[in-house]
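Everything below concerns the one structure shown next.
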Amino acid sequence: MTGTAQDHFDALATALGPRATRHVPLGPFTTYGVGGPAAILLEIDGPDDLPAVRAVLAGRDVPVCVIGRGSNLLVADAGFAGIAVHLGRGFNWVRLPTPGTAGSPSFVVRAGASTPLPVLARQAAEAGWSGLTWAVGVPGSVGGAVRMNAGGHGADMAGCLLRYTWVDLRRDAGGTDDVSRLAYGYRSSSVGSAEVVLDAELAVTPGDAASEQAALSSIVGWRRRHQPGGSNAGSVFTNPPDEPAGKLIEAAGLKGFVLGTAHVSEKHANFIQAEKGGSADDVRALMEHVHREVLTHCGVSLSAEVRLLGFEGGETGAMVGGEVGAS
């Protein structure tokens with residue numbers, strides 16, 4: 001980073017006050033556990049912090065990335081020359097349903113953006129609400145799930161999200177909107193990099209607590225049997241229409257393939273594992289290798305589900321699934 005850039009971020013951190021910290025490693029904020037520092041880590045404890053932050057960032061052309069639980073994010077070893085926004089405890093809450101109004105679904109769960117999806121799923125199930133059991137298997141946050149249309153086990157956010165509240169940190173924009181504004185696709189949405197999801201409203205129906213908890217246990221058990229633990233970000237590539245990405249990667253002979261401090265999982269080929277203390281750049285290089293080999297052997301160009309932050313060449317292209325977001 002040049003002296004001019006250093007001065008720029010020093011001044012910006014000063015303006016943002018004690019909530020902003022320079023050169024904080026982002027690896028610990030991700031499930032990969034690897035990667036370099038952000039120029040500024042901005043901790044937003046709750047909604048009351050937002051007006052002051054927006055006043056400083058309004059109109060500034062500075063890269064912004066909102067980090068949830070980091071379960072779908074890989075940060076380059078060189079770090080991120082921008083502001084990484086992390087939402088704190090004031091966004092971690094769940095409000096279970098009350099009867100809806102006319103024209104709305106009968107029952108709605110509200111949850112703050114930093115609420116872990118498994119926590120949301122378990123609280124809903126324990127209270128006997130049906131419709132969110134799938135979320136127990138997704139290790140991200142509510143805000144990240146809204147951003148990327150997270151899903152699993154035959155369901156996703158597009159199928160249960162009703163409304164969400166958001167603000168743009170660099171513009172005078174925000175509010176509460178319904179799901180149609182998100183232009184949802186498979187693991188994608190229209191949420192911009194400086195837009196922060198604050199909370200979400202999700203439809204549920206009355207169920208039986210014992211049955212819902214049994215369904216949770218079944219999903220957790222399935223994941224333990226079929227997916228690896230350790231340092232990874234879940235599925236690396238989105239599934240093409242005709243064949244799961246893991247099957248294609250396995251067909252290309254890459255199960256267990258090692259590149260530096262990263263390797264393709266022996267348990268599930270669409271998972272790339274990072275060694276403790278390893279290199280994010282090795283993970284990215286292995287993603288590129290897998291992409292090339294699958295294209296060569298199977299004729300399929302895979303798109304990344306993992307979001308890439310701080311890498312040379314940007315975050316778009318055939319291998320990358322769109323603009324940087326958070327989970």
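Counting from 1, the numbers follow the sequence of the chain as shown. Because only heavy atoms are used, hydrogens play no part in the values below, and waters and symmetry mates are left out as well, while side chains stay in.
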- Item | Test ring pair (Phe, Tyr, Trp, His ring centres under 6.0 Å) applied to H153 - qualifying residues, sequence neighbours left out | W222

- Query: Got a sec, which residues hit salt bridge (Lys or Arg N to Asp or Glu O under 4.0 Å) with R181, two or more places apart in sequence or on another chain?
  - Reply: E195

- D178 and S180: side-chain donor and acceptor closer than 3.5 Å? yes

- Task: Applying ring pair (Phe, Tyr, Trp, His ring centres under 6.0 Å), name anything that partners F271, two or more places apart in sequence or on another chain.
- Result: H268

- Message: Taking the basic N atoms (NZ, or NE/NH1/NH2) and the acidic carboxylate oxygens, is any pair closer than 4.0 Å for R284 and E288?
- Response: yes

- Where at least one partner belongs to residues 40-53, residue pairs that pass side-chain hydrogen bond (donor to acceptor under 3.5 Å, both in side chains), sequence neighbours excluded: E43-H86

- Pairs meeting criterion salt bridge (Lys or Arg N to Asp or Glu O under 4.0 Å) with involvement of residues 209-228, two or more places apart: none

- Query: Can you pull the salt bridge (Lys or Arg N to Asp or Glu O under 4.0 Å) pairs that have at least one residue in residues 253-267, sequence neighbours excluded?
  - Reply: E250-K255

- Under the salt bridge (Lys or Arg N to Asp or Glu O under 4.0 Å) test, which residues partner D10, sequence neighbours left out? R22

- Task: Give a yes or no answer on whether the side chain of S188 reaches the backbone of Y184 with a donor-acceptor pair at less than 3.5 Å.
- Result: no

- Task: Please name all residues satisfying salt bridge (Lys or Arg N to Asp or Glu O under 4.0 Å) with R171, sequence neighbours left out, ordered by chain then number.
- Result: D168

- Message: Using a 3.5 Å distance criterion without hydrogens, assess whether the side chain of S71 forms a donor-acceptor pair with backbone atoms of A233.
- Response: no

- Query: Which residue pairs satisfy the ring pair (Phe, Tyr, Trp, His ring centres under 6.0 Å) criterion with at least one member in residues 245-264, sequence neighbours excluded?
  - Reply: F257-H289

- Partners meeting salt bridge (Lys or Arg N to Asp or Glu O under 4.0 Å) with D199 (sequence neighbours left out): R110

- By side-chain contact (heavy atoms from CB on, under 4.5 Å), A121 pairs with (sequence neighbours left out) A135, V136, L216

- Message: Would you say N92 and S114 are linked by a side-chain donor-acceptor pair, where the criterion is simply a distance under 3.5 Å?
- Response: no

Hey, can you pull the donor-acceptor pairs under 3.5 Å for the side chains in residues 237-247, sequence neighbours left out?
from: T238; atom 1: OG1; to: S303; atom 2: O; distance (Å): 3.3
from: N239; atom 1: OD1; to: A245; atom 2: N; distance (Å): 2.8

